[in-house]
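This report refers to the structure that appears directly beneath it.
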Amino acid sequence: HSPANRVSGSEENVMWFTLIISLYLLLDCLSAASILRSGSCQLQRQFRLNGVYQDGDVIIGGLFEVHFFTVFPEQSFRTEPEEPYCEIFNMESFQHAQTMAFAINEINKNPNLLPNITLGYHLYDNCVMLGMAFRAAISLVSGKEKSSSNLNCTGPPPVIGIVGDPSSTPSIAISSVLGLFRVPIVSHYATCSCLSDRKKYPSFFRTIPSDAFQVRAMVQILKHFGWTWVGLLYSDDDYGIYAAQSFHQEMQLSGHCVAFSEILLYDNTPRNIQHITGVIQASTARVVVVFSPSSLVIPLMDEVVLQNMTGRQWIASESWATSPVFHTSRFLPFLGGTLGIAIRRGEIKGLHDFLLHLRPTSHPRDNMLRIFWENMFGCSFETGNKETDGDQVKTVCTGQENLSTTNTPYTDVSELRAAYNVYKAVYALAHALHNLMQCEEGRGPFSGNKCANITNLKPWQLVHYLQNVNFTTDFGDHVSFDKNGDALAIYDVMNWQPNSDGAIRIYTVGVVNEELETGMVLTLDEDAIYWNFETKKPPQSVCSESCHPGTRRATRKGLPLCCFDCLPCGDGEISNATDAIECMVCPAEFWSSPNKDQCVPKEVEFLSYEDPLGISLTTASLLGTCSCALVMVILMHHRNTPIVRANNSELSFLLLLSLKLCFLCVLLFIGQPQFWTCQLRHAVFGISFVLCISSILVKTMVVIAVFKSSRPEGKGAVRWFGAAQQRCTVLILTAIQVVICAIWLSTASPTPHKNNLYIRSIIVYECAIGSVAGFSMLLGYIGLLATVSFLLAFLARKLPDNFNEAKFITFSMLKFCAVWIAFVPAYVSSPGKYAVAVEIFAILASSFGLLVAIFAPKCYIILLHPERNTKKAIMGRQTK
């Protein structure tokens, strides 16, 4: 618990070796004595120890620090060595011993716990000395009887378990030896984390948390208030060094940082203290954690007062969190508001009355009780001359003095911390023994499903039940042990607050509790905490301000993790938590919000009828359709006129019908893509344009055939291009495109597709063409027919006017080819809906080009120059 309780590894090894040799010699003497004294075993030596006793069916041993010092007489070895004796009585530790006596009496009165079994106790004083503690432990395990004729060693052992020792060093020594025989030991105050080593100390348990838990409790408080940037001071001993190492590890695991780490030396010089205070003042950390005994903290705080260093939040370890030396008005401006960890305080009903009703006359063999009485009342039980204590004469003790008139740590039960741990240790042993007694034969935990026998109890059998003990005290605290024999950690959180007289008073403001299921749990009454700052609120102690959602932390080079810059998340990334280390990428169909703190659905883009561009293209499509219908009406009305009849009226009407389909297929490209529109749009587009180009091609071929038939050598050419052949040619050429479309749609048809490759923040809803080869064949076939038509029309452009429509076809096909040649690079380079717009524009431009180039001249003559729409006029141009 304190630095004196820690021992180095080399000291442990030496101690281990020494104690095992001592035990070996003791056992050797006992065995030799049993052989020489036939029929009986006899103790070779009885130690003179201060003790308190009560007989019972089963005995529990106890070790307590009732005296502060041990005096060893001079050893000449010319006479029998004298026994050491103890000085300076410790009232608080005697209260701990009596708490154990009270707990055992309470258990004996409880009909539900160990019925028909009476517990007794043997309590010894260890005088805060390893040698005395070891003498007491040996006395407990060997018993009080000077001799024994029971050579079969039946019956319960002298003690079934030991409560104590309160210090770590004696606990290490005693557990090292008694652990060989698996004697259960339950300490109430030894905190060294080394005692958690089950290989070295297999039967050691404790009801006080180890130092490792204290560090974790500290870190829980830091995490609760968001103090990620703290300073650390620790003592130059095993306690401070080990705690500092654990603290660094826990802080690193929690993502927190230590701003500075300084050692409080035992031989602290003013210069060293000033260096430490200078480091504290220079640091931006406002919280300082101190693992040290109060003796080393005092000179530091004196310097803090001298330099008037305020504005710091101190966190005290349990070794000085309740130390009264700092509770003066002088320290209030600097240490007021300090938070500290203290051993769990408990309440034990009836203990105060039990302590006050203690009488030495009721226990004549308890020399420890007589010593207590003499120290409490300043009297002596010696019946001769009145003893003197210096110049004062001691009165004779009657044993009837009134303890209720005294005010000492013995009668003060307001802060039961170590005593409460003693209480829990006794009950742990009692519950373990109770569970052992409840075992049903044939269903036991030992080999062959056997149960332990109280008449021949082995210590290791009780260890099994002690490991699995599980109960709750009347105060509401849960008691159990983990696999290392450690109790679940329970600490009180203390707060140093101003008292009415201007001094400091300690208040309990919370609890740190470790549960098996949930781990370390901190419960704080924040309204009850006093903060020694102008704001009366917890201070901020961070190296860098927290990064808000939408940003991430970027560690500064050469600095701890807690020192960082906040960088905004990239496009398509978010962080929805404070101090995010990384930004999360949004799912494929989501994008980051403007604040980059949440993913929102991406905008879905397609060429819609509500879009201005969509409206314009739809209008152009309907205009082209109406234009085709108008031209068709005009030609139908004047179908018997020479200009209509001379230019193959049937193919003209078929061409107008295909152009109308070309204009209408544009509507399939506008609006949200659906499966049926994706399949129809390119098929209708391809077939319509092939029908259109096929009609133009056949029209051109008819013109050439008619011209050739006017010459003597070509009179039979027109027979091959009659009406039936014209229809059949158009049908065959169109059927080829139908086959191409059918194969394409049946193997890899276009389907609606959400594309986010063009623009990452937008989903382009488009029709995936499915097969590039199919789409290429469709366009390639159109291009082939257009090229052939263009070449034939170009060759026939100089034929006589009355027969010649070729020059208009040449011009129309030139525009058609120019549009679709320009379409390819424009389509490939256009993103999103604009690629669809480019394709629509190409369809409209080529369709309007064909409509205007081929039919505008006819309509011009029909409507504006009807005088030229006569056979005579047409023939007249030939005669010129």
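Only heavy atoms go into these numbers, but all of them, side chains included; no hydrogens, no water, no symmetry mates. We're numbering straight along the sequence, starting at 1.
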Report the residue from [options] that forms a side-chain contact (heavy atoms from CB on, under 4.5 Å) with [X].
{"X": "S168", "options": "S210, C192, C194, S193", "value": "C192"}
{"X": "L114", "options": "L433, D57, V58, L436", "value": "L433"}
{"X": "Q54", "options": "L119, I60, N108", "value": "N108"}

Closest non-hydrogen atom pair, [X] against [Y]:
{"X": "S203", "Y": "V463", "answer": "CB-CG2, 3.9 Å"}
{"X": "I506", "Y": "T322", "answer": "CD1-CA, 3.6 Å"}
{"X": "L358", "Y": "W373", "answer": "O-CZ3, 3.2 Å"}
{"X": "Y423", "Y": "A103", "answer": "CD1-CB, 3.8 Å"}
{"X": "P209", "Y": "A489", "answer": "CG-CA, 3.7 Å"}
{"X": "V493", "Y": "V511", "answer": "CG2-N, 4.1 Å"}

Practice task
Show the numbers, then the answer: is there a side-chain contact (heavy atoms from CB on, under 4.5 Å) between H478 and N513?
Solution key: CA-CA 10 Å; H478 180 71; N513 195 359; over 6 Å; no
Assess the pair [X] and [Y]: is the distance between their ring centroids shorter than 6.0 Å?
{"X": "F475", "Y": "Y420", "answer": "yes"}
{"X": "H434", "Y": "F471", "answer": "no"}
{"X": "F213", "Y": "Y491", "answer": "no"}
{"X": "H464", "Y": "F446", "answer": "yes"}
{"X": "F94", "Y": "F89", "answer": "yes"}

Practice task
Verify side-chain contact (heavy atoms from CB on, under 4.5 Å) between I343 and Y189, making sure each step is shown before the conclusion.
Solution key: CA-CA 9 Å; I343 300 165; Y189 220 58; 3.2 Å; yes
Practice task
Measure the acute angle between the ring planes of Y53 and H122, then classify it against the limits of 30° and 60° as parallel, tilted or perpendicular.
Solution key: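 The arrangement is perpendicular - the two ring planes meet at more than 60°.
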Practice task
Answer yes or no for R345 and Y507: cation-pi contact, defined as NZ/CZ to six-membered ring centre under 6.0 Å and angle to ring axis within 45°.
Solution key: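 The answer is no, since R345 fails at least one limit relative to Y507.
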Do [X] and [Y] sit within salt-bridge range, that is, some charged N less than 4.0 Å from a carboxylate O?
{"X": "E347", "Y": "K349", "answer": "no"}
{"X": "D477", "Y": "R344", "answer": "yes"}
{"X": "R365", "Y": "D55", "answer": "yes"}

[X] atom [atom1], over 12 foreign heavy atoms within 6.0 Å:
{"X": "N453", "atom1": "CG", "result": "yes"}
{"X": "N407", "atom1": "CG", "result": "no"}
{"X": "D501", "atom1": "CG", "result": "yes"}
{"X": "Q467", "atom1": "CD", "result": "yes"}

Got [X] and [Y] here, is their nearest side-chain heavy-atom distance under 4.5 Å?
{"X": "V479", "Y": "N470", "result": "no"}
{"X": "L178", "Y": "I162", "result": "yes"}
{"X": "P166", "Y": "H96", "result": "no"}
{"X": "Y427", "Y": "L113", "result": "yes"}
{"X": "I348", "Y": "T99", "result": "yes"}

Exercise for the section: Please say which of N484, N421, D486 ends up in a side-chain hydrogen bond (donor to acceptor under 3.5 Å, both in side chains) with R206. Expected result: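 Exactly one option meets the side-chain hydrogen bond (donor to acceptor under 3.5 Å, both in side chains) with R206, and it is D486.
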Just checking, any donor-acceptor pair under 3.5 angstrom between side chains of [X] and [Y]?
{"X": "Y410", "Y": "Q98", "value": "no"}
{"X": "Q95", "Y": "D412", "value": "no"}
{"X": "S319", "Y": "S317", "value": "yes"}

Exercise for the section: With rounding to the nearest 0.5 Å, note down the distance linking CD1 in I341 to CG in D492. Expected result: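 If I round to the nearest 0.5 Å, the distance is 9.0 Å.
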Exercise for the section: With rounding to the nearest 0.5 Å, note down the distance linking CG in N468 to OG in S480. Expected result: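 Result: 10.0 Å between the selected atoms.
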